[in-house]
Amino acid sequence: MRQKLAAGNWKMNGTKASLAELDALAKAHPDPSVDILICPPATLIDRAAQGVQGTGVGIGAQDCHAETSGAHTGDLSATMLADAGATHVILGHSERREDHAEHNKDIRAKARSAMDAGLVTIICVGESLEQREAANTLDIIGGQLSGSIPDQSTGENLVVAYEPIWAIGTGKVPTLDEIGEVHDFIRSRLEHRFGEGVGRSVRLLYGGSVKPGNAAEIFAVSNVDGALVGGASLKAADFSGIIDALEAV
Ligand code: 13P
């Protein structure tokens, strides 16, 4: 049985005042039956990690550098993020692939470094609307999986998030069949590459306009082990509804 995971990605949102949302979230779920993770901006990781100590909420980062240390102004290494209290890191989000020209090989190098530092790595894959309309979705996802996921991956250190780019922040969601098709495909690719044991133990998240109102039906799709949530993770009340739906699966 894969442990379900509700992960929130705050992106470039949040100041110290936002930590109250974390307190509220921890209080609303004192004994969660699913893993709960919030990835705030890096400026808040240390404080957030201290604040959630002893609760069912974990703290993650949104990116890391591939090196452990060195002359890389403005960057943060996986070791530093772990030192600040992060247990997870999101890598290869489409916003980073686009804004920072990150390619699969960059993401693989970052993932290696993150896994070496003991972080659980949430690797994001997903197609653009153009690619979906050209019926290239599975080819694109297949290439992203083989290019970005390092060989050392296991069910403990790897989570894969399927985030169709056109569903992020748009209110548009693929049909449940479309989500199921991609998640089944990702599962079969992981089993093929890493063997059935490891391939079956990696958790697969869906991300893109997940809200309290659509979470239950998405979580009922095969091979959906949770969600990576943007906008609806910023407020504890919204994210709580999504966690409730995941706990009810
Ligand atoms: P939204 O939930 O705001 O669509 O964002 C999804 C996302 O990009 C999470 O990483």
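Heavy-atom basis, side chains included; hydrogens, waters and symmetry copies ignored. When a residue number appears, it is its place in the shown sequence, counting from 1. As the structure lists them, so they are numbered: ligands from 1, and atoms in each ligand from 1.
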Is the closest heavy atom of Gly169 to ligand 1 under 4.0 Å?
yes
Report the part of Asn9 (side chain from C-beta onward, or backbone N, CA, C, O) that has a heavy atom under 4.0 Å from ligand 1; answer both or neither where that applies.
side chain
Lys211: heavy atom below 4.0 Å from ligand 1, yes or no?
no
Give a yes or no on whether a salt bridge exists between Arg97 and Glu102, defined as a side-chain N under 4.0 angstrom from a carboxylate O.
no
Does Gly208 reach ligand 1, in the sense of a heavy atom lying below 4.0 Å from it?
yes
Below 4.0 angstrom from a heavy atom of His93, which ligand 1 atoms are there? Numbered from 1 as shown, please.
7 (C), 8 (O), 9 (C), 10 (O)
Heavy-atom contacts with Leu228 under 4.0 Å: which atoms of ligand 1 show up? List them by number with element.
9 (C), 10 (O)
Is the number of heavy atoms from other residues, nucleotides or ligands within 6.0 Å of CD (Gln3) greater than 12?
yes
What protein heavy atom sits nearest atom 3 (O) of ligand 1, and how far off is it?
Gly231 N, 2.8 Å
Can an N or O of Thr170 be found at a distance shorter than 3.5 Å from an N or O of ligand 1?
no
Which residue supplies the protein heavy atom nearest to atom 7 (C) of ligand 1, what is that atom called, and how far is it?
Glu163 OE2, 3.2 Å
Measuring only between side-chain heavy atoms, which start at C-beta, is Ile38 closer than 4.5 Å to Leu25?
yes
Does an N or O anywhere in Glu95 fall below 3.5 Å from an N or O of ligand 1?
no
Does a side-chain heavy-atom distance below 4.5 Å link Asp99 with Arg96?
no
Below 4.5 Å, heavy atoms only, C-beta onward: do Leu76 and His65 meet side chain to side chain?
no
Can you list the ligand 1 atoms lying under 4.0 Å from a non-hydrogen atom of Ser209?
1 (P), 2 (O), 4 (O)
Answer yes or no: are there more than 12 heavy-atom neighbours, outside His100 itself, under 6.0 Å from its atom NE2?
yes
Of all the non-hydrogen atoms in the protein, which one sits nearest to atom 2 (O) of ligand 1, and at what distance?
Gly230 N, 2.8 Å
Output the distance between atom CD (Glu21) and atom CG (Asn13), rounded to the nearest 0.5 Å.
12.0 Å
Student check: side-chain heavy atoms of Lys211 and Asp238 closer than 4.5 Å
no
